[in-house]
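Scroll down for the structure; my scribbles are underneath it.
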Amino acid sequence: AQTVTQSQPEMSVQEAETVTLSCTYDTSESDYYLFWYKQPPSRQMILVIRQEAYKQQNATENRFSVNFQKAAKSFSLKISDSQLGDAAMYFCAYRNWRQGGSEKLVFGKGMKLTVNP
Amino acid sequence: DVKVTQSSRYLVKRTGEKVFLECVQDMDHENMFWYRQDPGLGLRLIYFSYDVKMKEKGDIPEGYSVSREKKERFSLILESASTNQTSMYLCASSLGTSSNNEQFFGPGTRLTVL
């Protein structure tokens, strides 16, 4: 079974600085997807960024980028120019790719990010 | 925009009561999911459904059942609520069995069982 590990339960960053959230996963599959979800204090979970395992290029979405190291099974999220609105719980998630297969996501335990003004 | 709504933000029930948590999505999504979220444990999948009247057990189905009579609605049922079911419950939906479908989440229901 696949597992996702977020080893840091909490982190803090100063506003306008850069922070990196770590995530490792374990799988025997070669094709899969990885996601970072954000859950602000209002509780609605939203997708931050996704990465297809077959793509070598790291995904980026504005101030958010990932460092995907497939051999090391590592998927870290970098937040540049941190803003107060980035304060949230962040969850790393994994999904197998299998045509017609399950859409199940496997989540890490989450990490609480605090942004200090 | 996809909208996933849940019937209650906060709910307080007594031990032994039958509890219904309702989830509705408005984008004709095939898949719907129920998770529970507990501090330090992340999100754990209870049940999911990939079509009307179809369901599959997730990782922690014990003590729960689900119903999907209509495509847009997915209900989570606690047949006899217990205190260890006090938790945050999140519903999610996704388009269908395809590449990298994003799951869209509802706001959550904070259930307290006394």
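Numbers restart at 1 for each chain; the letters A, B, ... are given by sequence-line order, proteins then strands. Both backbone and side-chain heavy atoms feed into the values below; hydrogens, waters and symmetry mates do not. Computed from a predicted structure; not experimentally measured.
With a threshold of 4.5 angstrom between heavy atoms, B:Asp38 does not approach chain A through any atom at all. The contact between A:Leu105 and chain B is made by backbone and side chain atoms together, counting heavy-atom distances below 4.5 Å. Neither the backbone nor the side chain of A:Tyr32 comes within less than 4.5 Å of any heavy atom in chain B. Contacts between B:Leu43 and chain A at a heavy-atom distance below 4.5 Å involve backbone atoms as well as side-chain atoms. The part of B:Arg110 that comes within reach of chain A is its side chain, from C-beta onward, which places non-hydrogen atoms under 4.5 angstrom from that chain.
Follow the hydrophobic side-chain contacts under 4.5 Å out from A:Val66 and you reach A:Tyr94 in the same cluster. At a threshold of 4.5 Å between side-chain heavy atoms, the hydrophobic network of Ile, Leu, Val, Met, Phe, Trp and Tyr places A:Phe91 and A:Ile79 in two separate groups. Note on B:Ile60 and B:Tyr89: same hydrophobic cluster, where clusters join Ile, Leu, Val, Met, Phe, Trp and Tyr whose side-chain heavy atoms are under 4.5 Å apart, directly or indirectly. Note: the hydrophobic cluster containing B:Tyr47 also contains B:Leu21 (ILVMFWY, side chain heavy atoms under 4.5 Å, direct or indirect links).
Looking only at side-chain heavy atoms (C-beta outward), B:Glu102 and A:Tyr33 stay at 4.5 Å or farther from each other. Contact annotation: the side chain of A:Met45 never approaches that of B:Tyr35 to less than 4.5 Å [non-hydrogen atoms, C-beta and beyond].
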Legend entry - Stepwise side-chain contact (heavy atoms from CB on, under 4.5 Å) check, B:Gln37 with A:Gln39: CA-CA 11 Å; B:Gln37 181 180 6; A:Gln39 188 181 40; 2.7 Å; yes
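More than 12 heavy atoms of other residues, nucleotides or ligands sit less than 6.0 Å from atom NZ of A:Lys70. At most 12 heavy atoms of other shown residues, nucleotides or ligands fall within 6.0 angstrom of atom CG in A:Asn62. For B:Lys71, the NZ atom is densely surrounded, since the number of other residues' heavy atoms within 6.0 Å is greater than 12.
Between the CZ atom in B:Arg44 and the NZ atom in A:Lys109 there is a gap of 9.5 Å [rounded to 0.5 Å].
B:Phe105 and A:Gln44 get closest at one heavy-atom pair: O-NE2, 2.6 Å.
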